[in-house]
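Every number for a ligand or one of its atoms is a count from 1 in the order of the listing.
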Amino acid sequence: MCGIVAIIGKENACRHVLDGLKKLEYRGYDSAGLAYIYDKKMFNIKSVGKLNKLINAIEESKFSKLESSKVAIGHTRWATHGKVNIKNAHPIIYDKKVAVVHNGIIENYEKIKEKSFLKSYDFETTTDTEVIPVLIDNFVKKGKSFFESAKSTLKIIDGAYAFAAIHQDFPNEIFVSRNTSPLVIGIGSDFKVVGSDSHSITQLVNQVIYLEDGDYAIIRNKEIEIFDKKDEKTHRKIVNVNTDIGFVSKDGFRHFMEKEIFEQPNVLINTISSLLQENDKIDINTQKIGIKKNNAILISAAGTSFYAAIVAKYWIEKIANIAVSVELASEYRYRNPSNVGFSSMIVISQSGESIDTLMAMREAKKLNLKTTAIVNVEGSTIDREADYSLYTRVGPEIGVASTKSFTSQLTVLFLIAIKLANENKTINHKEYQSFIKLTKSLPNSLSKCLKMNDEIIDIAQKIKNTSNTIFLGRGYLYPLALEGALKLKEISYIHAEGFAAGEMKHGPIALIEENLPVIMFLISDGLEDKSISNLQEAVSRGARTILIGDRKSIKKAKFVNYSIEIPEFEKKFASTFSPILMAIPAQLLAYHVARERGTDVDQPRNLAKSVTVE
Ligand code: M6R
């Protein structure tokens, strides 16, 4: 993961690098640092912890010529190789001369360290990155220019990476390269800036170049020379970006996650209105998705986006009668999947940068499948590489836990399901109209669900000290059980597992012990009695049961310890829409438990918002 920013030719380069890094903390926040050159001398400052620590450290101590330097690189880290400590924080600097900020993994770094021509080098860090400045230094010492040295380094390193390098003897140049991990160059009139995404640099520029895989470039104040993987000089498209949304504030909420949960009714209006025309036609082109008669649809994603995919499978199969196969993106790429019976893959990603999802999509392309991305970040790698994109349009999601992205992804997927159903004539016009009407009513229904907040705070206080929990759901609510458990574990650090209610007796029931909280999502859909029996089985073994359900199901399950009733929704359709509606209590429960436990809700330990390493 990690975020990179680099600037050349601009007054106060270090400050601008810090501004860019602030927007990249979603990529990691274990440690941060920057390096700059002034008067042909390299300076650097690093700190362990979030970027604020670095900013405070800079403010507390006087750093020589920090304000005067016009060339600087900076980094916010998510550790892959080497512990989180000052030495391993980037920039990784060799001999106070070469500094490198790196995102990704150099896979053959151990072999490189053993190379005989590097025998005289002492490696000071335990990172994979350090081989880059060492190799550059080695080639410079042999008489090559900085550019040629960095280019020779590329011939030796393997992996998925993006990096930027500076050398104090070549203060007018930044070398950058990307292989899989993203890198964007921003074009100012007499300065240039580099970032891991365009958002990190659009406070300075509104024209950018997205480097392509295998590209490398030498960047000077007024000039950028780009080369492709065949070492041929190349030109990449200049893209106008006007996306500087500035720094997002918490608007009075305690955490971004809380704000993002409460934003859902409003942002869902954006999702829906961008895909629904005034005449109630859905603005989704199923031909572009590439669905062919008698073929199944493949949906691939990671984490929460994957759970949205499972809900979509249930919807599309039931409503449109088209077979859907869901694949964890991290598995799809390496298992030599068959394309028989498939013509299209839909990938789902908030960030548009998850490497597993990107790679699954590239694999699908190799297998001649048409690719569609359901993505939030426009201009992200997945958006740019997909054949067709549909946007969730929920604005920046800052909290590491996915909240508004999930409900908006579900909404887009639901619209795909009813568009397909309408085209396949598996629903009639009246049913189509009902689905559209209810989709339009979702923002209002979510507002009502948010009123459950106080009741959920009570439940959160009751379970906050537990070490284990189980989430259960059936049908459309099975993926929500998985999502509820993921949400709770990632921000509260309580061990949580989600299961299909019917699976309990096949093994997980062994986990039940006195007082273990078992949380069930339930909607009366004709199968509720079966789930209630599963809950009874847990009660018999001492579990504390929490039921989040509709009035009818709660009435039937009077034996539970606590119940929370969701607002009434059009009966015939309540089950279909239940994963969207019940996402709210699932998110609120995780949020309040984590807040009660005092964890870092928005930036939980060991995680990053965008997962760009395998
Ligand atoms: O940006 P993406 O949707 O591709 O991210 C996928 C997962 O990394 C993400 O959903 C992750 O599981 C969240 N932390 C869950 O809250």
Check: K250 side chain, E258 main-chain N or O, donor-acceptor pair, under 3.5 Å: no

side-chain contact (heavy atoms from CB on, under 4.5 Å) involving Q461 - partner list, sequence neighbours excluded: I457, D458, E596

Every residue of the protein that comes under 4.0 Å of ligand 1, judged on heavy atoms: A302, G303, T304, S305, S349, Q350, S351, S354, V400, A401, S402, L486, K487, E490, V611

Pairing of E363 and R333 as salt bridge, 4.0 angstrom limit: no

Residues R605 and D600 bridged, charged N to O under 4.0 Å: no

Side-chain atoms of residues 443-456: list all donor-acceptor pairs with protein atoms under 3.5 Å, sequence neighbours left out, distances to 0.1 Å.
{"from": "S445", "atom 1": "OG", "to": "S441", "atom 2": "O", "distance (Å)": "3.2"}
{"from": "S447", "atom 1": "OG", "to": "P443", "atom 2": "O", "distance (Å)": "3.3"}
{"from": "N453", "atom 1": "OD1", "to": "H592", "atom 2": "NE2", "distance (Å)": "2.6"}

Under the side-chain contact (heavy atoms from CB on, under 4.5 Å) test, residues paired with N88 that sit two or more places apart: R77, K83, N85, T125, T126, T127

